[in-house]
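Throughout, residue positions are numbered sequentially from 1 according to the sequence presented. Just follow the structure's listing: the first ligand is 1, and inside any ligand the first atom is 1.
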Amino acid sequence: MKPVFIALDFHNLTEVKQFMKNFSQTNNMCVKVGMEIFYSEGKNIIEYLQNKDINIFLDLKLYDIPTTVEKAAYELGKLKVQYITVHASGGSKMINAAKKGLVQAAKDYNLTDTTKILAVTELTSFSETQMQQEQAVNKSMPEMVTHLAKIAYQNGADGVICSALENEMIHQNTSEEFLCVNPGIRLSSDNNDDQQRVVNPKKARKLGSNGIVVGRSITKAEKPNAAYKQILNEWSSK
Ligand SMILES: O=c1ccn([C@@H]2O[C@H](COP(=O)(O)O)[C@@H](O)[C@H]2O)c(=O)[nH]1
C-alpha cells in the first residue's frame, strides 16, 4: 500500500512515546521525523522507531553548498532511514551531491537499500501569490513546482514533495515512477492551520499521489487512532 506518513512533530521522545500508545500495532507504520524532534533527540528518535520496525522518512530539508550537502547526506545515509529531503531549489549540483553521499554511505556500510531522496519543491504553506511576490517568480505554482521537479528528476532524486494539486503535471513531465509525496493533507472537517495548498486524502489519491504526510489532523486529534483510521480509509477508498 502507498504510505501514509504520520508527521511526528513533537518536542521530545517522551511525547512521541506517549503518542505511540494510541496504536496497538506499530510495525510497518510509516512516520516522518522532522526538524523539531530530530534537533531535540537526534539518533535516539531514529533508534526508538527502528526498534519498532517503523519506516522512517527523515525530513531535514538539506540546503547548502554541494560539498556540505554531500557530507551531510553521507551521515544521514548511515542512519538507514528510507527517505531524506533536500530543497530542489538548491539546484542540480546540490541534488547530485546528496545522491553521491547516500550512495557512498550505502557502499561503505554494505547497506542493501540506499536511502531515497525527495526534493522539496515549493512548500505547501506557500500560495501562488506569495511565491510570485516574495520569490519574484513569474510562473504559476504548477509550472514552478514542475520546473523544480524536473531538475530533481534529472539529478538523482527519487521523487518530490509537493501539493497533490501538482502531481499530474509532474508525472506528465518526469515519469509515472517519479514519486510525488504530498503534505498539506486535511480532512474536510479540519482547520488548514498554516497550510495553503490543501487537499483531502481521497482527492490526493485520485490525483496520483504516491504517499501522503499527515501531522496535526492525527497528532492533535482527540482520538488519534480514529483519525488515522479515517485517513487510511479515505486514502484507500476508490
Ligand atoms: O512543503 C512541505 C514540506 C514539508 N511539510 C511537512 O509536513 C508536515 C505537515 O504537517 P501538518 O500538521 O499535516 O500540516 C510538517 O511536518 C511539515 O514540516 C509540509 O507541510 N509542507
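Considering backbone and side-chain atoms alike, D9 places an N or O below 3.5 Å from some N or O of ligand 1. Taking only nitrogen or oxygen atoms, main chain and side chain alike, G184 does not reach within less than 3.5 Å of ligand 1. Between R186 and ligand 1, a contact under 3.5 Å exists for at least one N or O pair.
Within ligand 1, counting atoms from 1 as listed, the ones closer than 4.0 Å to a heavy atom of K61 are 3 (C), 4 (C), 18 (O). Residue V213 has at least one heavy-atom neighbour below 4.0 Å for each of these atoms of ligand 1: 7 (O), 8 (C). Counting atoms of ligand 1 from 1 in the listed order, those under 4.0 Å from a heavy atom of L123 are 1 (O), 2 (C), 3 (C). Taking a cut-off of under 4.0 Å to the non-hydrogen atoms of Q195, the atoms of ligand 1 that pass are 9 (C), 14 (O), 19 (C), 20 (O). Near I161, meaning under 4.0 Å from any of its heavy atoms, are these atoms of ligand 1: 3 (C). Atoms of ligand 1 found under 4.0 Å from any heavy atom of R216 (numbered from 1 in listed order, with element): 11 (P), 12 (O), 13 (O), 14 (O).
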Check your understanding: Run the salt bridge (charged side-chain N to carboxylate O under 4.0 Å, His left out) check on R216 and D9 step by step: do they pass?
Key -> CA-CA 8 Å; R216 287 162 286 189; D9 293 327; over 6 Å; no
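Counted by atom type alone, N51 and E47 present zero donor-acceptor pairs between their side chains at under 3.5 Å. Side-chain contact of T85 with D59: a donor-acceptor pair under 3.5 Å is present, judged by distance alone. Side-chain polar atoms of N225 and N22 form no donor-acceptor pair below 3.5 angstrom. For the 3.5 Å distance criterion, the side chains of D194 and S125 fail to qualify, holding no donor opposite an acceptor. Checking N173 against T146 by side-chain atom types alone, no donor-acceptor pair falls below 3.5 Å.
By the 30° and 60° cut-offs, the orientation of the rings of Y63 relative to H87 is perpendicular.
Taking atom 1 (O) of ligand 1 as the reference point, the nearest protein heavy-atom neighbour is T124 N, 2.9 Å. Nearest to atom 13 (O) of ligand 1 among the protein's heavy atoms is G215 N, 2.8 Å. Scanning all protein heavy atoms for the shortest distance to atom 17 (C) of ligand 1 gives K32 NZ, 4.0 Å.
By the 4.5 Å heavy-atom criterion applied to side chains, I54 and M20 are counted as neighbours.
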